[in-house]
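To start, the structure under review is shown below, and the notes come after it.
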Amino acid sequence: SQQGEEDPQALSIQEGENATMNCSYKTSINNLQWYRQNSGRGLVHLILIRSNEREKHSGRLRVTLDTSKKSSSLLITASRAADTASYFCAMATEGAQKLVFGQGTRLTINP
Amino acid sequence: DTEVTQTPKHLVMGMTNKKSLKCEQHMGHRAMYWYKQKAKKPPELMFVYSYEKLSINESVPSRFSPECPNSSLLNLHLHALQPEDSALYLCASSQFLLYEQYFGPGTRLTVT
């Protein structure tokens, strides 16, 4: 399957802790994107990292990309209750004209 | 304006009905997408339009018919749907293919 694998499938942590989600993929990519989805709503784009980049930051979010291992991680620091959501990685594979979404990680932040 | 709008928010239809979902963006994006999403699953790509032309059809049954009347609008015409088609239908747009996508809030479709 071209789909990415994400782990863990579900993650529950206390408010204030850091949350790390991982994404692995199988084919060469043009870029990799992370999205957040609150329950039953549309997805929100978080970060896009290109294949020649290794790390990107946006506020409390940090994304890394290791193309040799075909993997990426999303770190959310100092988590808040509002971070409770599903997080998806999406791969823009070389030669394709579409994103392929991973299975997602359901993150729960406990107050 | 960085918003993608979708109407209606909810839709209940019988298997013999014909209905349409609408999507609109005013960001000047040249790529637009339809996704189907089941509960606790990732979005599943259905169709991609690039410069108002159908670029990708992911082997979607013909009871789903997309239409792109102009660069800002995307429709999904529904006819003779099955109960298993009940899902959240998401529209998205991006400046070009493979760029970051902006999603609408979705239409929750129930087929009875």
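Chain identifiers are assigned alphabetically (A, B, ...) following the order of the sequence lines, protein sequences preceding nucleic acid strands; residue numbering begins at 1 within each chain.
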To the closest 0.5 Å, what do you measure between [atom1] ([X]) and [atom2] ([Y])?
X         : Y        : atom1 : atom2 : result
Gln37(B)  : Ser86(A) : CD    : OG    : 8.0 Å
Ile29(A)  : Leu98(B) : CD1   : CG    : 11.0 Å
Phe103(B) : Gln37(A) : CZ    : CD    : 8.5 Å
Asn31(A)  : Tyr99(B) : CG    : OH    : 9.5 Å
Leu48(A)  : Ser94(B) : CG    : OG    : 10.5 Å

Task: Co-membership, hydrophobic cluster, residues Leu74(A) and Met91(A), 4.5 Å side-chain - done: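 They do share one cluster, since a chain of ILVMFWY contacts under 4.5 Å joins Leu74(A) to Met91(A).
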Open item on the list: When you group the ILVMFWY residues by side-chain heavy-atom contacts below 4.5 Å and let the links chain together, are Tyr49(B) and Leu78(B) in the same group?
Closed with: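 Yes: a chain of side-chain contacts under 4.5 Å links Leu78(B) to Tyr49(B).
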- [ ] For Gly42(A) and Leu90(B), work out which heavy atoms get closest and say how close.
- [x]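 Heavy atoms of Gly42(A) and Leu90(B) come nearest at CA-CD2, 3.9 Å.
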- [ ] Check each atom of Gln6(B) against the heavy atoms of chain A and say whether the ones under 4.5 Å are side chain, backbone, both or neither.
- [x]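 When you check distances to chain A, no heavy atom of Gln6(B) falls under 4.5 Å.
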Task: Contacting moiety of Glu44(B), where chain A heavy atoms sit under 4.5 Å - done: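 When you check distances to chain A, no heavy atom of Glu44(B) falls under 4.5 Å.
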Open item on the list: Any heavy-atom pair between the side chains of Ile56(B) and Gln97(A) that's under 4.5 Å?
Closed with: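 Answer yes - side chains close enough.
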Open item on the list: Within the structure provided, determine whether Gln103(A) and Pro42(B) are in side-chain contact (heavy-atom separation under 4.5 Å).
Closed with: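 Answer yes - side chains close enough.
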Open item on the list: Going by disulfide (SG to SG under 2.5 Å), name the pairs with one or both residues in residues 8-109 of chain A, residues two or more places apart or in two chains.
Closed with: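 Found Cys23(A)-Cys89(A).
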Open item on the list: Taking disulfide (SG to SG under 2.5 Å) as the cut-off, I'd like each qualifying pair that reaches into residues 71-111 of chain B, sequence neighbours left out, listed once.
Closed with: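 Residue pairs with at least one partner in residues 71-111 of chain B: Cys23(B)-Cys91(B).
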Task: Gln33(A) versus Gln101(B), side-chain donor and acceptor atoms under 3.5 Å - done: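 No, because no side-chain N or O of Gln101(B) sits under 3.5 Å from a partner of the opposite role on Gln33(A).
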Looking at [X], I want to see if its [atom1] is surrounded by more than 12 non-hydrogen atoms of other residues, nucleotides or ligands under 6.0 Å.
X        : atom1 : result
Arg80(A) : CZ    : no
Arg63(B) : CZ    : yes
Arg30(B) : CZ    : yes
Lys19(B) : NZ    : no

Open item on the list: Quick check on the interface: out of Glu58(B), Lys41(B), Lys40(B), who has the most heavy-atom pairs with chain A under 4.5 Å?
Closed with: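 Most heavy-atom pairs under 4.5 Å with chain A: Glu58(B).
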